[in-house]
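A quick write-up on the structure given underneath.
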Amino acid sequence: MEQERMTTRQMAILLFCGLLAPLLRVIPEETGPLAGEGGWAAPLLALPVFLLALWALGRTFRRLPRTAGIPQMYRLAYGAGLGGLLTAATALWLAVMGAFNLRLYGESFVSSIYTDTNIWLFLVVMMAVVCLVSCRGFATVCRMGRLFFYVLVITVGLVILLGVREVRLYHLWPVWLQGWDGLLLSAGPVLSVLGFSVPILYCKGRTSEHGQGEKILAAWFSLLCLLLSAVGAVIIGLFGWQTAIRLQTPFFSMAKEVTLGEITERIEAIVAAVWVFSDLAMLAAQVCAIGEYGKELWRGGSRRWLICGAGVVVILGAAWMDSATFELQELWKGLQGWNAVICYGLPLSACLLLRVRRRI
């Protein structure tokens, strides 16, 4: 097992990279209609709720053996039968979300930048790379995320710096223009995407830090939400929220608008190429997590075969889904409730049940 070589910081950095792409799809596309000018503040409003959920899960896992993850927690809380069923449901949901993300990544990449590219070439190459890296183990994927982090942060920072000159403050203020209820509700879509990280963080037990895991996660997710709010503010400040929510890929559209003469004439192509790193980080984390849940369900199963099988399921699911980016994004809105149940409801209810029954 690679547990001793994988740290909470490495997991947090991997998820930092992986969550950038899906979160920037909901900001401002889903937060704008709810909060209007305040759509950029949604990550900051979602952060306290998300950290509270991580704190509750962290307290529970500190009372379990170090190698115990969500599958073991389900079995302890619900028994072998129902616990195994919930573990299988979580693995299946990760595969569904992996297929959805893979297809949406491909559609966004091809439709916004490389319109003449065959999407199947992108999907097959992407999943082949994901499986190749994931077969090396979760620790290898985490180290890959650390390399991606610097490239992604520099790229996003450059786009923010170039775009902030064009921001119109009247597009950003006051944040409560559409009402406080809409502002608070705008945290929902962000929370749903942040939930992707829960089944991944706790799929195989605690990492190597002693009592510092929650603090490290809080620091990295706070940094992520601050960065997302900054990007959202530049997008809304540049286009206005009414226009921003109608853009197919707001972040790439913003990259097209910011230039420094001929030096950055095609910066959006560079951003799109770099953005594959975020997509790759999330897919690799999801596929590795499916492998861990599969190992718990099929004792003695080979991790490599489980990961390759997960890759096949994901790419077949991506092939089955509708091809239009707009329709895929509408599909995601319908899946958010299920995502909240799988990623938050089931783990937190298991924590509560263990405390009520005093099994930990």
Side-chain angles (χ1 to χ4, degrees), residues 8-61 97 145 149 152-153 156-157 160 172-176 178-202 207 209 212-237 241 250-251 278 281-282 285 332 336-337 339-345 347-348 351:
T8 303
R9 182 173 286 101
Q10 289 175 327
M11 285 284 286
I13 293 173
L14 176 68
L15 291 170
F16 181 104
C17 297
L19 288 168
L20 272 176
L23 281 169
L24 283 176
R25 288 202 302 267
V26 302
I27 306 169
E29 182 178 341
E30 293 185 44
T31 61
L34 294 169
E37 284 80 356
W40 60 271
L44 301 179
L45 296 172
L47 180 63
V49 181
F50 180 68
L51 293 182
L52 182 62
L54 291 185
W55 174 80
L57 288 167
R59 283 180 61 87
T60 300
F61 279 104
M97 288 294 94
F149 168 76
L152 286 167
V153 167
V156 175
I160 291 174
L172 302 174
W173 197 261
V175 294
W176 57 83
Q178 291 198 203
W180 289 103
D181 54 343
L183 189 62
L184 294 175
L185 287 173
S186 69
V190 178
L191 272 173
S192 188
V193 176
L194 286 172
F196 288 165
S197 61
V198 174
I200 297 170
L201 275 172
Y202 301 105
T207 45
E209 284 85 359
Q212 298 295 316
E214 289 77 23
K215 294 180 180 178
I216 293 171
L217 291 175
W220 279 97
F221 280 109
S222 298
L223 179 61
L224 173 63
C225 288
L226 286 170
L227 183 64
L228 289 166
S229 290
V231 176
V234 174
I235 292 173
I236 295 175
W241 73 268
F251 184 67
S278 178
M282 177 52 70
W332 162 243
Q336 286 187 22
N339 193 58
V341 170
I342 298 292
C343 296
Y344 293 111
L348 290 174
C351 292

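Because only heavy atoms are used, hydrogens play no part in the values below, and waters and symmetry mates are left out as well, while side chains stay in.
Between Val193 and Leu19, the shortest heavy-atom contact is O-CD2, 3.5 Å. When every heavy atom of Phe149 is checked against every heavy atom of Ile13, the shortest pair comes out as CB-CG2, 3.6 Å. Contact between Trp220 and Arg9 at its shortest, heavy atoms only, is NE1-CG, 3.8 Å. Scanning both residues, Phe16 and Val153, for their nearest heavy atoms gives CE2-CG2, 3.9 Å. When all heavy atoms of Glu214 and Trp55 are compared, the closest pair comes out as CG-CA, 4.5 Å. Across every non-hydrogen atom of Ala12 and Leu217, the tightest pair is CB-CD2, 4.0 Å.
Taking CG of Leu152 as the reference point, atom CG of Leu227 lies at 9.5 Å (rounded to 0.5 Å). In this structure, the separation between CG on Asn339 and OH on Tyr344 is 8.0 Å, given to the nearest 0.5 Å. Note: Ile27 CD1 to Ser186 OG = 9.0 Å, rounded to the nearest 0.5 Å. Taken from CG in Leu191 to CG in Leu47, the straight-line distance is 9.0 Å, to the nearest 0.5 Å. Here the straight-line distance linking atom CD of Glu30 with atom CG of Leu23 works out to 10.5 Å at 0.5 Å rounding. Separation of atoms OG (Ser278) and CG (Leu24) is listed at 8.0 Å; rounding is to 0.5 Å.
Distance alone, capped at 3.5 Å, places no donor-acceptor pair between the Ser192 side chain and the Gly188 backbone. Not a single donor-acceptor pair under 3.5 Å links the side chain of Ser229 to the backbone N or O of Ala41. Proximity of a side-chain donor or acceptor of Tyr202 to a complementary backbone N or O of Pro347 within less than 3.5 Å is not detected.
For the pair Ile235 and Trp40, the minimum side-chain heavy-atom distance is 4.5 Å or more. Taking 4.5 Å as the limit, some side-chain heavy atom of Ile200 sits within range of a side-chain heavy atom of Met282. Between Ser197 and Phe221 the shortest side-chain heavy-atom distance falls below 4.5 Å. Side chains of Ser222 and Leu51 form a contact here, defined as non-hydrogen atoms less than 4.5 Å apart.
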Step by step, would you call Leu228 with Val190 a side-chain contact (heavy atoms from CB on, under 4.5 Å)? CA-CA 10 Å; Leu228 289 166; Val190 178; 5.6 Å; no

Between Leu54 and Leu201, is a side-chain contact (heavy atoms from CB on, under 4.5 Å) present by the stated rule, with each step listed? CA-CA 10 Å; Leu54 291 185; Leu201 275 172; 4.0 Å; yes

Walk me through whether Leu224 and Leu20 qualify under side-chain contact (heavy atoms from CB on, under 4.5 Å). CA-CA 8 Å; Leu224 173 63; Leu20 272 176; 3.8 Å; yes

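Checked options Leu52, Leu57, Thr60, Val198; the residue passing with Leu348 is Leu57 (criterion: side chain to side chain contact (heavy atoms under 4.5 Å, CB included)).
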